[in-house]
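Everything on this sheet refers to the single structure shown next.
In what follows, every chain begins at residue 1, and chains take the letters A, B, ... in the order their sequences are listed. Below, each value reflects all heavy atoms present in this structure, side chains not excepted, and no hydrogens, waters or symmetry copies.
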Amino acid sequence: MNYWLLKSEPNVFSIDDLKKQPQKTDHWDGVRNYQARNFMKEMKKGDLAFFYHSNCDEPGIVGLMTVTKEAYPDHTAWDKKSQYYDPKSTKETPRWYMVNVTYKKTFSRNISLKELKLKKDLEDLPLIRKGNRLSIMPVSKKSWESILSLVKKN
DNA sequence: GCCAACGTTGGC
DNA sequence: GCCAACGTTGGC
């Protein structure tokens with residue numbers, strides 16, 4: 001099993017929005033970055049992911065979700081009315097993909113970016129590196145467990 | 001709103 | 001293939 005971190009702007013799609021979906025499940029669409037897409041293609045059913053709120057008052061990790069469907073073509077790329085429309089992605093050769101994720105839990109508190117940056121054993125987490133803009137990234141087992149231990153504090 | 005750090009585009 | 005111009009992300 002592998003671990004991931006997925007970013008979303010809460011005013012666009014928050015962890016509460018995911019929780020409200022039927023079966024608490026939704027597709028993670030709109031990824032338009034090759035590196036992020038390639039990571040998404042590596043995701044396996046049953047993998048766990050942190051839900052990260054970005055571009056908001058308190059950026060940070062707010063909860064957990066499970067990957068419930070592996071990468072399949074992102075249909076929003078074919079929708080001319082979508083902000084994610086990409087004429088270069090065709091049904092024959094899809095350029096962009098999405099996965100399905102299912103809500104698992106909301107942490108008792110927000111693990112803020114500030115706090116993650118202070119933690120000393122997360123060097124391998126791309127999120128805390130300066131200038132990082134990856135919206136989907138792998139999390140090592142060591143970092144995953146370290147972050148989970150933070151949740152239990154307070 | 002600012003702006004650093006990227007990623008992408010397109011002329012050459 | 002280089003690289004300047006441009007667009008986007010996302011913390012602050």
Length of the line joining A:Lys114:NZ and C:dG10:P, which is rounded to integer Å | 21 Å
Taking B:dC6, B:dT8, B:dT9 as options, the one with an atom nearest any side-chain atom of A:Lys88 is B:dT9
Describe, in one word, how the ring planes of A:Phe51 and A:Trp28 are oriented to each other, choosing from parallel (under 30°), tilted (30 to 60°) and perpendicular (over 60°).
-> perpendicular
Rounded to the Å, how far apart are A:Leu113 CG and C:dT9 C1'?
-> 14 Å
Whole angstrom value for the distance that separates C1' of B:dG7 from CZ of A:Arg32 = 15 Å
Length of the CG-C1' vector between A:Leu127 and C:dT9, whole Å = 13 Å
Counting any heavy atom closer than 4.0 Å, what does A:Lys117 reach on the DNA or RNA strands: base, sugar-phosphate only, or nothing?
-> sugar-phosphate
Provide, to the nearest angstrom, the distance between the CD1 atom belonging to A:Ile128 and the P atom belonging to B:dA5.
-> 17 Å
What's the CG-P distance between A:Leu116 and C:dG11, to the nearest Å?
-> 11 Å
Return no unless some side-chain N or O of A:Lys130 is found under 4.0 Å from OP1 or OP2 of B:dA4.
-> no
Tell me, with the steps shown, if A:Lys119 and A:Glu115 meet salt bridge (Lys or Arg N to Asp or Glu O under 4.0 Å).
-> CA-CA 6 Å; A:Lys119 194 93 167 73; A:Glu115 186 174 355; over 6 Å; no
Where the side chain of A:Asn38 meets the backbone of A:Gln35, is there a donor-acceptor pair that is under 3.5 Å apart?
-> no
Does A:Tyr52 place a side-chain N or O at less than 4.0 Å from the phosphate oxygens OP1/OP2 of C:dT9?
-> no
According to a 4.5 Å side-chain heavy-atom criterion applied to Ile, Leu, Val, Met, Phe, Trp and Tyr, with indirect links allowed, do A:Met40 and A:Trp78 form part of one hydrophobic cluster?
-> no
Atom OH of A:Tyr34 to atom P of B:dT8: distance rounded to whole Å?
-> 7 Å
In whole angstroms, how far is the C1' atom of C:dG7 from the CD atom of A:Gln83?
-> 15 Å
Want to settle it: does A:Arg95 or A:Asn55 sit nearer the 5' end of DNA chain B, counting the closest nucleotide to each?
-> A:Asn55
